[in-house]
Amino acid sequence: MMAHGALIVGAGQAGLQLAVSLRDHGYDGPVTLVGDEGSYPYQRPPLSKDFLRGERGLDSLLLRKPELLRAKDIEVRTGTRVTELVAGESGGYANTSEGVELPFRHLALTTGVRPRRLPVAGSDASNVLCLRTVEDARRLQDVLGTAHRIVVVGGGFIGLEAAAVMSSQGKQVTVVEAQDRLLARVAGPVLGEFYRRMHEKRGVDVLLRTIVTGLGVGSDGRVTEVVLSDGKSLSCDAVLVGIGVERDRTFADQLGLTWDGGILVDQHARTSRAGVVAAGDCTAAPNPFADGAVVRLESVQNAVDQAKAAAASLCGAMPPKPGVPWFWSDQGAVKLQMAGLTQGYDDYLVRGEVDSETFSVIYFRQDRFIGIEAVNRPTDFMFARKVLASTGEIRRGSDTVLADPSVPLKDILVPS
């Protein structure tokens, strides 16, 4: 079988964007997008918010309508799991769970991540849930129809967003977090403490420095109790687990790709093997906004930007300039927007009053502005994102002026 065209393994945000971008660059070979879920590529962020609340259906989440993909001659194989990848110098083929062999000349890996499971007995019970796919969200909706007491394990974005929805529906929600603050992996201490107080004010119980050590399973096979590291236990009707994600290195090993906690790619989304690119959550890449350090980003922005770079690389075009990393989280009426990478900061400044639920946290490294966390301050976020993308270095100005929310950031943060 002659190898031809592009095969994209993984039909999420990155995979869909890569397929469309190939056509935008004039790629005229077959383009096949393979995903193991039963639906066309869709947006994941609304699953823990609008979709969970029942305000949006799957059709409204689709990234492209099926007819638009057909018009671009992009074949989408849903419900198809790739079991093996074999590649040579001029292409290769994929074997699928259906026993089908899919040839390719170019290969793109956009396999995303999978939720980390709770490492205790009973975690496979029907009312112990995660929230990654539309089917996960539907199962959670079904459980919430009768459940009242919910334990959320993990104080990251997914757990907190879902906690906000469930609390607003009158559920009794407890968040259990092993670290000493919420959002410890992705945000600073001011934001972590703010969200603890914000959720508690809305009726959510938050337990920090607490580990789940066991699950009590009833005679019907459902979890009825969560056992904690302090010896206490929580009665519950359901458990939602949001303790991070894992990347599957199976394909990287099959193809001999360099691995660094994810498939290592360069700024052009190229892997260590010619003709193979990778994009999205499954990757690790040096990032100019982290002074070139290798980072693993889980965001829509990164998935889209890397996918565009990957398509350009396969077409021999110049990839776009790396974009400023940015993220967002909607938790009830509180909208968080973040720009830049703040790991390694050595100082920060709060702009506005935290208790007002309208403030920003500005981060510095050696007096250089490197990032922002903006809570209900979209103007601060938008300008900070714009200025981070500029070529000049943004130096720290007067703290008194910077902390005054009445002074626009555009009058303070100016590239040198």
Side-chain angles (χ1 to χ4, degrees), residues 6-22 25 33 44-45 85 87 106-114 116 156-157 185-187 244-328 338-345 363 365 370-371 385 388-391:
L7 177 66
I8 304 169
V9 182
Q13 182 92 48
L16 184 281
Q17 181 64 58
L18 209 159
V20 171
S21 294
L22 283 173
H25 279 289
L33 180 61
R44 295 192 191 277
L85 290 171
H106 299 113
L107 176 65
L109 300 176
T110 56
T111 51
V113 293
R114 61 192 179 201
R116 184 173 288 117
F157 283 140
R185 190 175 67 88
V186 295
V245 296
E246 298 174 330
R247 293 165 175 81
D248 188 343
R249 63 179 296 165
T250 301
F251 295 147
D253 290 343
Q254 288 179 0
L255 298 170
L257 306 180
T258 302
W259 182 267
D260 190 352
I263 299 170
L264 185 65
V265 297
D266 63 14
Q267 288 190 17
H268 295 178
R270 298 174 298 198
T271 72
S272 55
R273 185 174 193 134
V276 180
V277 296
D281 293 358
C282 67
T283 67
N287 193 293
F289 295 93
D291 293 334
V294 172
V295 297
R296 289 164 291 280
L297 297 178
E298 298 144 29
S299 71
V300 170
Q301 170 268 328
N302 183 62
V304 170
D305 287 356
Q306 278 192 327
K308 290 179 178 179
S313 293
L314 291 182
C315 294
M318 178 61 67
K321 176 185 174 183
V324 176
W326 62 273
F327 317 84
W328 82 93
M338 306 164 68
L341 296 176
T342 59
Q343 293 87 343
Y345 72 90
Y363 288 88
R365 185 186 303 122
I370 60 171
R385 181 180 164 192
L388 284 166
S390 65
T391 55

Salt-bridge contact Glu298-Arg185 (side-chain N to carboxylate O under 4.0 Å): yes
Which residues share a side chain to side chain contact (heavy atoms under 4.5 Å, CB included) with Val304, sequence neighbours left out: Gln13, Gln17, Val300, Lys308
Minimum-distance pair of heavy atoms, taken over all atoms of Arg365 and Asp291: NH1-OD2, 3.1 Å
Taking every non-hydrogen atom, the tightest pair across Ala310 and Leu18: CB-CD1, 3.6 Å
Thr110 side-chain N/O to Gly10 backbone N/O, donor-acceptor pair under 3.5 Å: yes
Exercise: do Gln301 and Asp305 side chains pair donor with acceptor under 3.5 Å: yes
Whether Ser272 side chain and Thr258 backbone form a donor-acceptor pair below 3.5 Å: yes
Pairwise distance CH2(Trp259) to CG(Leu264) - rounded to 0.5 angstrom: 10.5 Å
N/O donor-acceptor pair under 3.5 Å between Asp266 side chain and His268 backbone: yes
Straight-line distance of Gln343 CD to Tyr363 OH, nearest 0.5 Å: 10.0 Å
Side chain to side chain contact (heavy atoms under 4.5 Å, CB included) assessment of Leu7 paired with Leu33: CA-CA 6 Å; Leu7 177 66; Leu33 180 61; over 6 Å; no
Euclidean distance, Arg114 CZ relative to Cys282 SG, rounded to 0.5 Å: 12.5 Å
Main-chain N/O of Ala339 paired with Arg385 side-chain donor or acceptor, under 3.5 Å: no
Worked check of side chain to side chain contact (heavy atoms under 4.5 Å, CB included) between Val9 and Phe251: CA-CA 10 Å; Val9 182; Phe251 295 147; 3.9 Å; yes
Sidechain-backbone polar pair: Glu246 side chain, Arg116 backbone, donor-acceptor under 3.5 Å: no
Ala87 backbone acceptor or donor facing Arg273 side chain under 3.5 Å: yes
Donor-acceptor pair, side chain of Gln306 and main chain of Gly280, under 3.5 angstrom: yes
For Val265 against Pro286, the heavy-atom pair lying closest together: O-CD, 3.2 Å
Side chain to side chain contact (heavy atoms under 4.5 Å, CB included) evaluation trace for Ile370 with Leu388: CA-CA 7 Å; Ile370 60 171; Leu388 284 166; 5.5 Å; no
Distance-minimising heavy-atom pair for Val294 and Asp260: CG1-OD2, 3.6 Å
Verdict with reasoning, Asn287 to Leu297, per side chain to side chain contact (heavy atoms under 4.5 Å, CB included): CA-CA 10 Å; Asn287 193 293; Leu297 297 178; 3.8 Å; yes
Smallest separation among heavy atoms of Val295 and Ala290, with atom names: CG1-CB, 4.0 Å
Residue of the set Leu255, Val277, Leu314 for which side-chain contact (heavy atoms from CB on, under 4.5 Å) holds with Leu107: Leu255
Check: Asn302 main-chain N/O paired with Ser299 side-chain donor or acceptor under 3.5 Å: yes
Any donor-acceptor pair under 3.5 Å from Thr271 side chain to Val276 backbone: yes
Any donor-acceptor N/O pair, Thr283 side chain to Ala279 backbone, under 3.5 Å: no
Nearest atoms (heavy-atom pairs only) where His25 meets Cys315: CB-SG, 3.6 Å
Ion pair Asp281/Arg296, N-O distance below 4.0 Å: no
